[in-house]
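First comes the structure, then the notes that go with it.
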Amino acid sequence: MDVLETIKSFIDKIFQPPIGFLDLAIERIQSVQLVTAQGIDIGSYFAVFGDLPGVWQMVVSSILLSTVLLGTLLIFRSVMRMYYSVKEGVKWW
């Protein structure tokens, strides 16, 4: 029985520093009280366009929406090019 206790104490000595570090990390993470799920209020950035007449507001919103749509299409095209290049690179697929 004495040998078993010696082996247990030896293993505990080896793993005590990493376990202590992980316990400290858990305590620090649990003590953080920040709210991380907050959105960005883009209305404050686009409030300048609220002074424009209605027709110009529609022009600005159309430009912004078309920019987002074109950006999305470019990202989709890039992803599909990568997919097809990987698919062609792997001959057995």
Side-chain angles (χ1 to χ4, degrees):
M1 285 296 189
D2 189 36
V3 174
L4 184 62
E5 292 298 323
T6 306
I7 292 173
K8 282 185 180 181
S9 67
F10 177 71
I11 291 174
D12 287 340
K13 285 179 186 177
I14 291 174
F15 288 109
Q16 186 58 36
I19 290 173
F21 177 74
L22 292 174
D23 288 338
L24 180 63
I26 289 171
E27 287 177 19
R28 295 289 181 172
I29 290 173
Q30 288 176 346
S31 68
V32 173
Q33 298 293 327
L34 297 176
V35 177
T36 58
Q38 290 183 348
I40 298 173
D41 184 20
I42 61 171
S44 61
Y45 297 110
F46 294 123
V48 176
F49 300 117
D51 296 334
L52 295 173
V55 177
W56 283 105
Q57 287 180 4
M58 289 177 54
V59 168
V60 170
S61 65
S62 297
I63 289 171
L64 291 174
L65 286 175
S66 63
T67 304
V68 169
L69 178 67
L70 288 175
T72 304
L73 289 175
L74 285 173
I75 291 172
F76 178 74
R77 185 178 72 176
S78 300
V79 168
M80 289 307 292
R81 280 185 181 174
M82 286 178 50
Y83 169 73
Y84 286 130
S85 65
V86 168
K87 188 174 178 179
E88 188 164 333
V90 180
K91 295 296 182 187
W92 52 268
W93 190 345

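Atoms considered below: every heavy atom in the structure, side chains included; atoms not considered: hydrogens, waters and symmetry mates.
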Cluster overlap M58 with F49, hydrophobic side-chain contacts below 4.5 Å
no
Roughly how far, to the nearest 0.5 Å, is CG of L74 from CG of L69?
9.5 Å
Any link between I63 and V68 through a network of hydrophobic side chains (Ile, Leu, Val, Met, Phe, Trp, Tyr) touching at under 4.5 Å?
no
Could you walk me through whether Y84 and M80 satisfy the side chain to side chain contact (heavy atoms under 4.5 Å, CB included) test, starting with their C-alpha distance in whole Å, then the side-chain angles of each, then the deciding distance to 0.1 Å, before giving a yes or no?
CA-CA 6 Å; Y84 286 130; M80 289 307 292; 3.6 Å; yes
Give, for atom CD1 of I26 and atom OG of S31, the distance between the pair rounded to the nearest 0.5 Å.
12.0 Å
Take F10 and I14 through the test side chain to side chain contact (heavy atoms under 4.5 Å, CB included) and record every step on the way to the result.
CA-CA 6 Å; F10 177 71; I14 291 174; 3.3 Å; yes
Spacing of NZ belonging to K13 relative to CD belonging to Q16, to within rounding of 0.5 Å
11.5 Å
Distance check, rounded to the nearest 0.5 Å: Q57 atom CD versus D51 atom CG?
8.5 Å
Roughly how far apart are I75 CD1 and L70 CG, rounded to 0.5 Å?
11.5 Å
